[in-house]
Amino acid sequence: AIYLFSPTRRKNINRYLIFLIFVLLIGLSGRVLYLSEIFGKNFRLIALSEFAIVLFGSTVYLFTKSSLTVKAPTRRDLLHYLPGIFYILTITFYYILPSNEVINSRVRSGELFLVVSWLTGIGLAVNITYWGLSVRQFLHFRKRLLDELSYSVKTQFFFNFLLAIGACLFVWSIIYLVSLWNVAFISREIRQAIWLGIAFIILFIAYYCLSEPELFRQKPLLAVRKYTQSKLSATDLDQLKGRLDQLMEDKKPYLNSKLLKAELANMLDISNPELARLLNERIGMNFFEYVNYFRIMEFIQLAKSDKAHNMTFFGLAQEAGFNSKTTFNKSFKKLMGRTPREYFAKQ
């Protein structure tokens with residue numbers, strides 16, 4: 001309703017999130033109407049909720065992909081909905097359109113149980129596959145952050161989101177295996193809880209879309225220019241390393257807490273991939289580690305200066321270019337082998 005009637009909020013919309021909410025609406029509506037007995041205990045209402053099953057996984061994947069990558073959604077992305085469409089058509093023609101007599105006959109013969117088990121298994125497999133693709137997309141994105149940014153950004157949200165989806169799918173898998181032994185009562189009761197769990201997850205995402213839209217604006221950070229393959233020789237790389245070291249000592253670009261790899265590459269007048277190759281082959285660090293190394297060295301010098309008498313460790317770390325206390329502590333311990341407090345106590 002907020003998306004529908006608030007033009008301001010609608011600017012922050014993710015189209016796949018809206019479709020995810022729509023899918024959820026279909027799934028929950030069928031179950032609510034069935035349980036409320038408004039139309040009687042019509043089993044076809046449960047089938048209506050099954051429409052949402054296979055649309056769920058592909059939408060989670062496309063939502064994750066569109067939020068974390070620089071690629072705009074394309075018509076080709078809609079191909080991911082083909083398994084869902086096939087599933088819906090199968091349910092419609094096999095379970096909804098046939099008469100009660102045909103359905104009862106299939107129940108008595110055991111055919112219905114067998115077909116539903118197969119369909120549910122296929123739907124679950126499709127959802128787990130798309131969840132796996134979403135996790136891979138997230139891990140790739142987080143790796144790229146370390147290659148392109150010198151500061152930390154909020155990724156915990158997507159980690160928690162995918163973890164919650166994975167937990168639901170795990171429980172869903174257990175329910176499915178239990179149902180294969182025809183323990184229908186347990187399967188039916190727990191499945192209601194799964195639907196509620198999925199509902200809370202999706203509404204949680206929708207809330208964050210409204211309250212913290214910057215969580216879904218990571219794309220411009222990684223939108224760097226494309227260059228041809230680097231043709232630098234070994235001698236070129238050695239010379240560039242000397243220039244880079246001199247640049248870091250003289251101009252101290254690491255003091256910019258929002259320094260991007262593309263910006264540092266421009267200072268050296270080389271391409272982004274060439275800087276990446278330089279860091280990989282001559283320094284052995286990614287961009288995030290390299291810049292934070294200099295920040296830690298700067299912090300140590302500041303901690304030994306007169307400024308240290310009037311500032312906290314994190315205050316000094318901010319002076320050195322860090323924008324996150326967590327990033328500072330992790331980077332310092334990784335490089336120096338102990339926390340800042342332990343390090344200076346040893347000194």
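Worth saying up front: this structure is predicted, and the values here are computed from it rather than measured. For this chain, numbers begin at 1 and follow the sequence in order.
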Could you tell me the separation between the [atom1] atom of [X] and the [atom2] atom of [Y], rounded to the nearest 0.5 Å?
X: H140; Y: K143; atom1: NE2; atom2: NZ; result: 8.0 Å
X: L79; Y: T74; atom1: CG; atom2: OG1; result: 8.0 Å
X: L139; Y: S134; atom1: CG; atom2: OG; result: 11.0 Å
X: F328; Y: L316; atom1: CZ; atom2: CG; result: 8.0 Å
X: E298; Y: E319; atom1: CD; atom2: CD; result: 9.0 Å
X: M267; Y: L247; atom1: CE; atom2: CG; result: 6.5 Å

Closer than 3.5 angstrom, by distance alone: can the side chain of [X] be matched with the main-chain N or O of [Y] as a donor-acceptor pair?
X: D269; Y: N266; answer: no
X: R243; Y: L268; answer: yes
X: W131; Y: G57; answer: no
X: N104; Y: N100; answer: yes
X: E274; Y: S271; answer: yes
X: E281; Y: L278; answer: no

Would you check, one step at a time, whether the test side chain to side chain contact (heavy atoms under 4.5 Å, CB included) holds for D245 with E249? CA-CA 6 Å; D245 290 340; E249 292 291 337; 5.5 Å; no
[X] versus [Y], closest heavy-atom pair with distance:
X: F287; Y: L259; answer: CE2-O, 3.7 Å
X: L55; Y: G84; answer: CD2-CA, 4.0 Å
X: Y176; Y: L124; answer: CB-CD2, 4.0 Å
X: R282; Y: A234; answer: NH2-O, 3.3 Å
X: K258; Y: E263; answer: O-OE1, 3.8 Å
X: S257; Y: N323; answer: CB-CB, 4.1 Å

Salt bridge (Lys or Arg N to Asp or Glu O under 4.0 Å): pairs with one or both residues in [range], sequence neighbours excluded:
range: residues 89-109; value: R106-E111
range: residues 127-141; value: none
range: residues 323-335; value: E289-K334

Could you tell me which residues satisfy ring-ring contact (aromatic ring centres under 6.0 Å, His included) with [X], sequence neighbours excluded, listed by chain and number?
X: Y87; answer: none
X: Y61; answer: H80, Y130
X: F161; answer: F63
X: Y293; answer: none

Contacts of type side-chain contact (heavy atoms from CB on, under 4.5 Å), residue [X], not counting sequence neighbours:
X: L78; result: Y81
X: L163; result: F159
X: I283; result: K241, L244, L279, M285, Y290

Can you confirm whether R277 sits close enough to N280 that some side-chain heavy atom of one is under 4.5 Å from a side-chain heavy atom of the other?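 They are not in contact (no side-chain heavy atoms under 4.5 Å apart), so the answer is no.
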K65 versus D77: any side-chain heavy-atom pair under 4.5 Å?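 The answer is yes; the side chains approach within 4.5 Å.
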In one Ile/Leu/Val/Met/Phe/Trp/Tyr side-chain cluster, 4.5 Å: [X], [Y]:
X: I88; Y: I85; result: no
X: L255; Y: I296; result: yes
X: F19; Y: L25; result: no
X: L335; Y: L302; result: yes
X: L82; Y: L119; result: no

Would T235 and D238 satisfy side chain to side chain donor-acceptor pair (under 3.5 Å), going step by step from the backbone distance to the final call? CA-CA 5 Å; T235 303; D238 291 334; 5.5 Å; no
Show every ring-ring contact (aromatic ring centres under 6.0 Å, His included) that has at least one partner inside residues 301-321, sequence neighbours left out.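 Matches after skipping sequence neighbours: F299-F313, F313-F344.
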Go through the steps to decide whether S105 and V102 satisfy the test side chain to side chain contact (heavy atoms under 4.5 Å, CB included), and finish with yes or no. CA-CA 5 Å; S105 172; V102 172; 5.7 Å; no
Are more than 12 heavy atoms from other residues, nucleotides or ligands located less than 6.0 Å from atom CG of D306?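 Not buried by this count: 12 neighbours or fewer within 6.0 Å.
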Members other than L114 in its cluster, when Ile, Leu, Val, Met, Phe, Trp, Tyr link by side-chain heavy atoms under 4.5 Å?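 Hydrophobic cluster check, L114: joined to W118.
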Evaluate the criterion side chain to side chain donor-acceptor pair (under 3.5 Å) for residue pair N292 and R295; output intermediate values, then yes/no. CA-CA 5 Å; N292 284 329; R295 288 172 177 163; 3.0 Å; yes
